[in-house]
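First the structure, in the form of structure tokens, and then the observations on it.
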Amino acid sequence: MRRSVVDFAKFVLARPRPAMTPVRKIIHIDMDAFYASVEQRDDPALRGLPVAVGGSGERGVVAAASYEARRFGVRSAMPSRTAMRLCPHLVFVRPRFDVYRAVSRQIREIFAEYTPLVEPLSLDEAYLDVTENLKGIPTAVRVAAEIRARIREATGLTASAGISYNKFLAKLASEQRKPDGQFVITPEMGPAFVEGLEVSRLHGVGPATAAKMARLGIRSGRDLRGASLAFLTAHFGKAGAHFHAIARGEDHRPVRPDRPRKSAGSETTYPRDLQTPAEVEAGIEALADEVWGWCERAGAVGRTVTVKVRYADFRTLTRSRTAAEPVAGRAALAGTAVALVRGLFPLDKPVRLLGVTVSGFEAGAGRPTGRQPAFDFGEPSERE
């Protein structure tokens, strides 16, 4: 009897074992109040003051707000006049995107010292996969701390970091200790952490979806986890599977360096409302020209053209057209964009903002060969 037990133990130990998939180590780095912090760094007189990057005029929009300004409720994308009502002593600074881009390049050079798997989301945030890092540092916590220290040393700015086993949770974690901190969500913590959140904080749940979920009795991650896959799919279509997964702390998306662009566009808020169709068409043609300039430099062409019109009362409309072939050239882009906007004539109200976007790029498109305009970096392009 004893021999058979010993033989069985040897058999178990000798069996080939399935390879274990290592737990990923994902870091989400998010610069703290990036644009405003750069301005405060470069102008000591602004330090400690509530600062808004953007335009202070009637048509101004806040592109970024310092933490001092955020205490008064000032937020990015807020009309400047609203921000000034909330914080009468708010200091406005015009944006310097060339400086922000230069600082962003410094930060990305630091990332590259630790891993080639860097997925930038904008000038001021990125995902890093450090499951295997170039410096052999054993823990992602130490990698994140070292990167944050390097950023402070090189730029004089602070960054926050979230560390977890997937992108969804790493991004949530980076919000927990802002500014200038870091937070870890381990595999053991993940599902319970999500259960305690409002659904509006979950990836892919915008205001309209959150409102629909509330009508269905889903207000928290715990409520979402209690909903079956069949129920979520019935009410949210393909997104139902995504919601079912994240409610359990699951996200299998890889960190994708050099993520291909899906679109390129530009929009403008005008110093005075556009009153006539001729003015609107001229604005659309100018934007189309700017977008095509990027397409030429990037060697990227798309099949879908979208125009955006925001009226003086802030009501916004979009119109799109997708062709069988990519846009053939500058004239074709402008012609399509103008034709789309003509579908909105006669104007219901004066127009305060116009936008033009090209999307539906072919695989591999969108890798620029020269200098790119501001809108290509995901930053606000509101003008006055």
Side-chain angles (χ1 to χ4, degrees), residues 54-55 57 59-61 63 77 79 95 97 122 206 208 259-384:
R59 300 291 185 175
V61 175
F97 289 118
S122 62
R259 187 175 51 165
R261 289 189 59 83
K262 296 181 179 180
S263 65
S266 185
E267 62 184 39
T268 297
T269 299
Y270 295 94
R272 63 172 183 80
D273 291 339
L274 306 183
Q275 304 283 342
T276 67
E279 289 179 314
V280 171
E281 289 186 18
I284 289 291
E285 288 182 356
L287 290 169
D289 188 71
E290 188 173 2
V291 173
W292 185 257
W294 181 87
C295 290
E296 284 186 323
R297 287 188 289 274
V301 287
R303 296 187 300 113
T304 300
V305 177
T306 302
V307 297
K308 176 179 177 181
V309 176
R310 179 169 296 155
Y311 294 108
D313 62 358
F314 283 87
R315 186 166 60 100
T316 303
L317 297 177
T318 60
R319 294 292 183 270
S320 297
R321 180 179 299 171
T322 300
E325 299 295 331
V327 177
R330 190 183 304 268
L333 173 57
T336 301
V338 168
L340 286 169
V341 82
R342 282 176 179 167
L344 300 176
F345 296 163
L347 296 172
D348 290 344
K349 290 180 174 62
V351 172
R352 63 174 277 122
L353 176 146
L354 292 173
V356 173
T357 300
V358 176
S359 58
F361 290 161
E362 296 179 342
R367 288 178 173 80
T369 56
R371 183 179 178 275
Q372 304 167 52
F375 58 78
D376 181 42
F377 290 84
E379 62 232 24
S381 56
E382 303 275 2
R383 301 191 195 92
E384 300 176 307

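Computation of the quantities below employed the complete heavy-atom set of this structure, encompassing side-chain atoms and omitting hydrogens, waters and symmetry-equivalent molecules.
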Gap between atom CD of Glu325 and atom CZ of Arg303 - 0.5 Å precision
8.5 Å

Nearest atoms (heavy-atom pairs only) where Arg330 meets Asp289
NH1-OD1, 2.5 Å

Show the nearest heavy-atom pair for residues Gly355 and Glu267, with the distance to one decimal.
CA-CB, 3.7 Å

Just so I know, are the side chains of Arg319 and Val341 near enough to count as touching, which here means a heavy-atom distance under 4.5 Å?
no

Which atom pair, heavy atoms only, marks the closest approach of Val351 to Leu347?
CG2-CD2, 4.0 Å

Taking the side chain as every heavy atom from C-beta outward, state whether Leu354 and Val309 have any pair of such atoms under 4.5 Å apart.
yes

Just to verify, what does Thr322 make a side chain to side chain donor-acceptor pair (under 3.5 Å) with, not counting sequence neighbours?
Thr304

Phe345 and Pro277: which non-hydrogen atoms are nearest, and at how many Å?
CE1-CB, 3.5 Å

Rounded to the nearest 0.5 Å, the NZ atom of Lys308 sits from the OG1 atom of Thr318 at a distance of 9.0 Å

Can you check whether Tyr311 reaches Leu317 side chain to side chain, under 4.5 Å on heavy atoms?
yes

Taking atom CG of Asp313 and atom CG of Asp273, what is their separation to the nearest 0.5 Å?
10.0 Å

Does anything in residues 331-346 form a salt bridge (Lys or Arg N to Asp or Glu O under 4.0 Å)? List the pairs, not counting sequence neighbours.
Glu281-Arg342

Is any side-chain heavy atom of Trp292 closer than 4.5 Å to one of Val356?
no

Do the side-chain N and O atoms of Trp294 and Glu290 include a donor-acceptor pair separated by under 3.5 angstrom?
no

Set of side-chain contact (heavy atoms from CB on, under 4.5 Å) partners for Thr357, sequence neighbours left out
Ser263, Thr306

Which of Val305, Val301, Leu287 passes side chain to side chain contact (heavy atoms under 4.5 Å, CB included) with Leu333? Answer is Val305

Can you name the nearest heavy-atom pair linking Val291 to Ser266, along with the distance?
CG2-N, 3.8 Å

